[in-house]
Structures are given as structure tokens and as C-alpha cells.
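Structure first, then comments.
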Amino acid sequence: QVQLAESGGGLVQPGGSLRLSCAASGNIFTIYDMGWYRQAPGKERELVATITKSGSTNYADPVKGRFAISKDNAENTVCLQMNSLKPEDTAVYYCNADLYNYRLGLRKDYWGQGTQVTVSS
């Protein structure tokens with residue numbers, strides 16, 4: 001099995017910063033894309049940022065210029081640096097990986113458990 005483990009969430013004041021991390025571990029796999037999604041109470045889960053195997057990035061409009069996604073291929077990790085945080089950024093943030101699992105012989109989406117980010121004064 002492949003596991004995604006998120007960390008770095010917490011409570012921060014408006015204008016502050018947080019850095020989320022997600023590490024993939026388990027079966028031998030090749031990662032195609034990794035990304036971060038978020039879901040606030042009463043709202044649908046939405047894309048925050050993604051990064052491809054080649055390093056191309058994509059950001060949702062509300063976070064452009066404030067968030068930065070990065071990866072470490074050797075460690076199979078993806079990070080989300082979140083700056084200038086706003087109350088509307090409050091949500092549960094989920095790590096996502098689109099990968100090929102060699103043990104299963106399948107390309108499959110995996111999701112982390114989620115980490116709470118709360119932006120409040």
C-alpha cells in the first residue's frame with residue numbers, strides 16, 4: 001500500500017505563514033502528479049496547487065502569488081508554502097498523489113488524511 005502523510009497544519013494569524021508537507025511511502029511507485037486540495041465546511045473540495053513529475057506547477061487563482069508548491073523527488077515529498085494567509089484560507093488541506101503502483105500494476109489516486117489550517121486572529 002501507499003500512504004500519504006501530511007503535516008504542518010495549525011492555527012495562524014492573518015498575514016502569517018505555514019508550510020505543509022506530505023510524504024508518500026510504501027510500495028514501489030512512480031509519481032506523476034502531486035498536489036494539495038482543500039475543503040472548508042459546507043463547501044466542495046477544491047484544488048489549491050499541483051506539481052507534475054517534470055516540475056510544472058498549477059495554482060488556483062485565490063492562492064496565486066501567496067502559495068508555492070514544491071517537491072523533493074528523492075524523499076517523495078511535496079510541500080506547500082503558504083504566505084500572507086487569509087481567513088478564507090481556513091480549511092482542511094489534503095495531499096493528493098497520482099501515481100503508478102508497481103505492486104498493484106495500476107495508476108491510482110491517493111489521498112492523505114488531511115491537516116487543518118485555521119487562519120484567525
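Sequential numbering from 1 along the given sequence is applied to the chain's residues.
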- Locate the shortest heavy-atom distance separating Gly114 from Val92; write the atom from each residue and the value.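 Smallest heavy-atom distance, with atoms named: CA-CG1, 3.8 Å.
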Testing the basics here: between Asn58 and Leu47, what is the closest heavy-atom pair and its distance to 0.1 Å?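 The answer is ND2-CD2, 4.0 Å.
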Exercise. Between Asn96 and Asp109, does a side-chain contact (heavy atoms from CB on, under 4.5 Å) hold up when you go through it step by step?
Worked result: CA-CA 7 Å; Asn96 170 261; Asp109 261 336; 3.6 Å; yes
Assigning hydrophobic clusters by single linkage (Ile, Leu, Val, Met, Phe, Trp, Tyr; side-chain heavy-atom cutoff under 4.5 Å), is [X] placed with [Y]?
X: Val48; Y: Val117; result: yes
X: Trp111; Y: Leu106; result: no
X: Ile51; Y: Met82; result: yes

Keeping [X] on the side-chain end and [Y] on the backbone end, is there a donor-acceptor pair under 3.5 Å?
X: Asn101; Y: Arg107; answer: no
X: Thr77; Y: Ala23; answer: no
X: Lys71; Y: Asp33; answer: no

Residues two or more places apart in sequence or in another chain: which of them pass salt bridge (charged side-chain N to carboxylate O under 4.0 Å, His left out) with Asp89?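 Per chain and number, Asp89 pairs via salt bridge (charged side-chain N to carboxylate O under 4.0 Å, His left out) with Arg38, Arg66.
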Would you please name every residue forming a salt bridge (charged side-chain N to carboxylate O under 4.0 Å, His left out) with Asp61, sequence neighbours left out?
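Applying salt bridge (charged side-chain N to carboxylate O under 4.0 Å, His left out) to Asp61 gives Lys64.
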Mind checking what makes side chain to side chain contact (heavy atoms under 4.5 Å, CB included) contact with Gln113, not counting sequence neighbours?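 Gln113 satisfies side chain to side chain contact (heavy atoms under 4.5 Å, CB included) with Glu6 only.
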### Query
Listed by chain and number, what are the side chain to side chain contact (heavy atoms under 4.5 Å, CB included) partners of Ala40, not counting sequence neighbours?
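Testing Ala40 for side chain to side chain contact (heavy atoms under 4.5 Å, CB included), a comparison that skips the adjacent residues, returns Lys43, Ala91.
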Enter the distance from [X]:[atom1] to [Y]:[atom2] here, rounded to the nearest 0.5 Å.
X: Tyr110; Y: Leu99; atom1: OH; atom2: CG; value: 5.5 Å
X: Tyr100; Y: Lys108; atom1: OH; atom2: NZ; value: 13.0 Å
X: Met34; Y: Ile69; atom1: CE; atom2: CD1; value: 8.0 Å

_If you define the side chain from C-beta out and look only at heavy atoms, does anything of Arg45 sit under 4.5 Å from Tyr94?_
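Yes, at least one pair of side-chain atoms sits under 4.5 Å.
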Should the SG-SG distance of Cys22 and Cys95 be recorded as below 2.5 Å?
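Cystine link detected, SG atoms below the 2.5 Å cut.
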Which pairs would a plain distance check flag for residues 25-32, meaning a side-chain donor or acceptor within less than 3.5 Å of a matching protein atom at least two apart in sequence or in another chain?
| from | atom 1 | to | atom 2 | distance (Å) |
| --- | --- | --- | --- | --- |
| Asn27 | OD1 | Gln1 | N | 3.0 |
| Thr30 | OG1 | Tyr102 | OH | 3.1 |

- Would Phe67 and Trp36 count as a ring-ring contact (aromatic ring centres under 6.0 Å, His included) if you check the C-alpha gap in whole Å, the side-chain angles of each, and the deciding distance to 0.1 Å? CA-CA 11 Å; Phe67 293 5; Trp36 290 93; over 10 Å; no
For residues 10-21, tabulate all N or O donor-acceptor pairs below 3.5 Å that involve a side-chain atom, not counting sequence neighbours.
| from | atom 1 | to | atom 2 | distance (Å) |
| --- | --- | --- | --- | --- |
| Ser17 | OG | Asn83 | OD1 | 2.9 |
| Arg19 | NH1 | Gln81 | OE1 | 3.3 |

>> Is a donor from one side chain sitting under 3.5 angstrom from an acceptor on the other, for Thr118 and Ser120?
In response: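 The criterion, which ignores hydrogens and geometry beyond distance, is not satisfied for Ser120 and Thr118.
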